[in-house]
Amino acid sequence: MQNLLNQDKGVSLYIWCLVVYIFFIHIESISVLESFGTVAKLLAIGVAVLAAISIMVNRQIIVVGKAELLLVTFFLWCCATVWWSVDENAAMERLLSVFMLVFFTILAGFRGFNEREIKVLIQATYYSGSALALYILTLGEAFHEQVNRISLSGTDPNHLSGCLLLAVAIGLSGVFENSGKSIATRLVYFATLGMIVGAIVMTGSRGGFLGLFILVLAYFVFTQRYVWVIGLTVTFVCILLLLWQDPTSRFSGEMALNSGGAGRVDIWKVGLKVLEENWFIGGGLANFNELYTLSALQTSTGFAVGVHRAPHNTIIGMTSEVGIIGLALFIGSIYCLIQRYSDFCDNERIVLWSALVGIAISGMFLDMLYMKYLWLVLLLLYGIQRQEILKAETA
């Protein structure tokens with residue numbers, strides 16, 4: 001058992017289970033495969049158990065930092081909001097998901113990943129992201145037909161593009177980092193990166209496209225490639241100018257202005273009213289839809305765009321549900337996580353930081369708090385950060 005779980009003796013069962021979990025993160029949001037979401041949840045439970053066993057077997061000293069304390073407090077605060085929620089059942093159903101996401105992430109962080117393991121996990125993320133991109137590109141028009149039936153099929157192009165952002169950051173590293181890579185390997189990375197970027201564009205997600213631009217920009221800033229920053233910015237502006245007058249493009253100015261960002265502007269108007277009424281302690285975990293309905297029925301704008309709508313903005317949604325207290329705890333944990341080893345600028349950390357920035361920008365246009373691909377980035381960051389603590393303990 002110890003040989004199977006010990007992180008210092010090759011790739012363990014724990015890591016292979018985590019690899020399979022990463023694969024299911026990428027495919028569970030596809031409508032024809034959404035039944036696999038249950039498999040992803042079961043895998044998360046299994047991985048958490050293996051992480052706990054690994055910690056006990058190896059008798060590692062658990063150093064609890066500010067990030068972990070803030071995340072645990074965030075979960076406890078989510079529990080507290082159930083008491084005053086409008087729909088207690090909805091809050092209780094979502095509470096289990098939050099529990100698994102938070103403690104699954106913390107356990108991974110406490111266990112830590114060695115250098116070999118983090119490389120395996122990064123590669124697994126890239127391969128599964130490439131497979132998802134290939135699926136989107138292969139379907140072509142059939143994929144767009146599924147997108148047009150979002151309310152019936154469950155396929156969400158915005159979350160599909162969000163799923164691919166971490167893979168983009170990994171692809172950038174594969175292309176631009178020269179250490180130990182042959183020209184052929186870098187060309188393969190370049191080709192697959194182009195495929196992933198093409199898939200994001202194929203989804204038609206404007207939030208995903210903006211997140212992609214900011215991610216790439218952040219990567220070049222973190223790696224101090226400022227010439228690329230300038231070139232990328234000029235290219236992005238030129239693309240916008242070319243598409244601005246194209247009535248057939250989702251990225252045209254006319255479509256964006258006439259649709260109000262696919263109705264988001266009107267939704268945000270009601271969402272801000274919900275936020276104003278629940279900004280301090282929140283209206284209850286997973287209760288934004290109910291709170292939105294109550295506010296929408298009081299305004300002609302809200303009634304016009306429908307009731308029981310999602311926030312389409314992570315900050316509005318999270319603050320409305322768990323208040324400024326919950327938001328501060330969540331953002332504070334991420335800040336402490338990044339700050340803890342900000343002096344360590346290794347390649348994997350830069351990749352994860354860039355992905356986190358891109359996902360955060362995409363989160364301004366959809367609700368990401370409960371999305372596994374966001375928590376995957378946090379999980380990998382925790383695992384890397386914890387490894388530094390383990391090195392210090394054994395020094």
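It should be emphasised that the depicted structure is a prediction, and the values quoted were computed from it without experimental measurement. Residue numbers start at 1 and run along the sequence shown.
- Between L212 and the options V216, I214, L210, a side-chain contact (heavy atoms from CB on, under 4.5 Å) holds for only V216.
- When the side chains of ILVMFWY residues are joined at heavy-atom separations under 4.5 Å, either directly or via intervening members, F213 and I230 end up in two distinct hydrophobic clusters.
- Residues L356 and I338 are in side-chain contact: their nearest non-hydrogen atoms beyond the backbone lie under 4.5 Å apart.
- F220 places none of its side-chain heavy atoms less than 4.5 Å from the side chain of L217.
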Could you walk me through whether H159 and Y373 pass side chain to side chain donor-acceptor pair (under 3.5 Å), step by step? CA-CA 9 Å; H159 286 305; Y373 58 84; 2.7 Å; yes
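- Note that CG of L50 is 8.5 Å distant from OH of Y14, once rounded to the nearest 0.5 Å.
- Using a 4.5 Å cut-off on side-chain heavy atoms (C-beta onward), S362 and L165 make contact.
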Stepwise, does the side chain to side chain contact (heavy atoms under 4.5 Å, CB included) test hold for T203 with N158? CA-CA 7 Å; T203 66; N158 298 299; over 6 Å; no
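- Exactly one of Y382, F330, F104, F103 qualifies for a ring-ring contact (aromatic ring centres under 6.0 Å, His included) with W375. That residue is F330.
- Counting Ile, Leu, Val, Met, Phe, Trp and Tyr side chains that sit under 4.5 Å apart, directly or through other members, L187 shares a hydrophobic cluster with I183.
- Hydrophobic clustering, with ILVMFWY side chains joined whenever heavy atoms are under 4.5 angstrom apart, groups L374 together with F99.
- Around atom CZ of F190, no more than 12 heavy atoms belonging to other residues, nucleotides or ligands sit under 6.0 Å away.
- Proximity of L172 to Y189: side-chain heavy atoms (C-beta onward) are nowhere separated by under 4.5 Å.
- The structure places OG of S333 at 6.0 Å from CG of L70, a figure rounded to the nearest 0.5 Å.
- Listed by chain and residue number, nothing satisfies the side chain to side chain donor-acceptor pair (under 3.5 Å) test with S97 (two or more places apart in sequence, or in another chain).
- Around the CH2 atom of W84, the shell of radius 6.0 Å holds more than 12 heavy atoms that belong to other residues, nucleotides or ligands.
- For Y219, the side chain to side chain donor-acceptor pair (under 3.5 Å) criterion is met by E177, not counting sequence neighbours.
- Side-chain contact between L380 and L166 is present, with heavy atoms from C-beta onward closer than 4.5 Å.
- You'll find the side chain of W16 stays beyond 4.5 Å of the side chain of Y21, heavy atoms only.
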Take E321 and R94 through the salt bridge (Lys or Arg N to Asp or Glu O under 4.0 Å) test and state the conclusion after the steps. CA-CA 12 Å; E321 292 182 357; R94 185 62 78 176; over 6 Å; no
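- Applying side-chain contact (heavy atoms from CB on, under 4.5 Å) to F288 and the options T319, I316, D367, L275 leaves one that passes, I316.
- Across T314 and M368, no two heavy atoms sit closer than the pair OG1-N, 3.1 Å.
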Check the pair T192, Y127 against side chain to side chain donor-acceptor pair (under 3.5 Å), reporting the backbone distance first and the verdict last. CA-CA 9 Å; T192 51; Y127 294 149; over 6 Å; no
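- Residues R111 and E117 meet the side-chain proximity criterion, which asks for heavy atoms closer than 4.5 Å.
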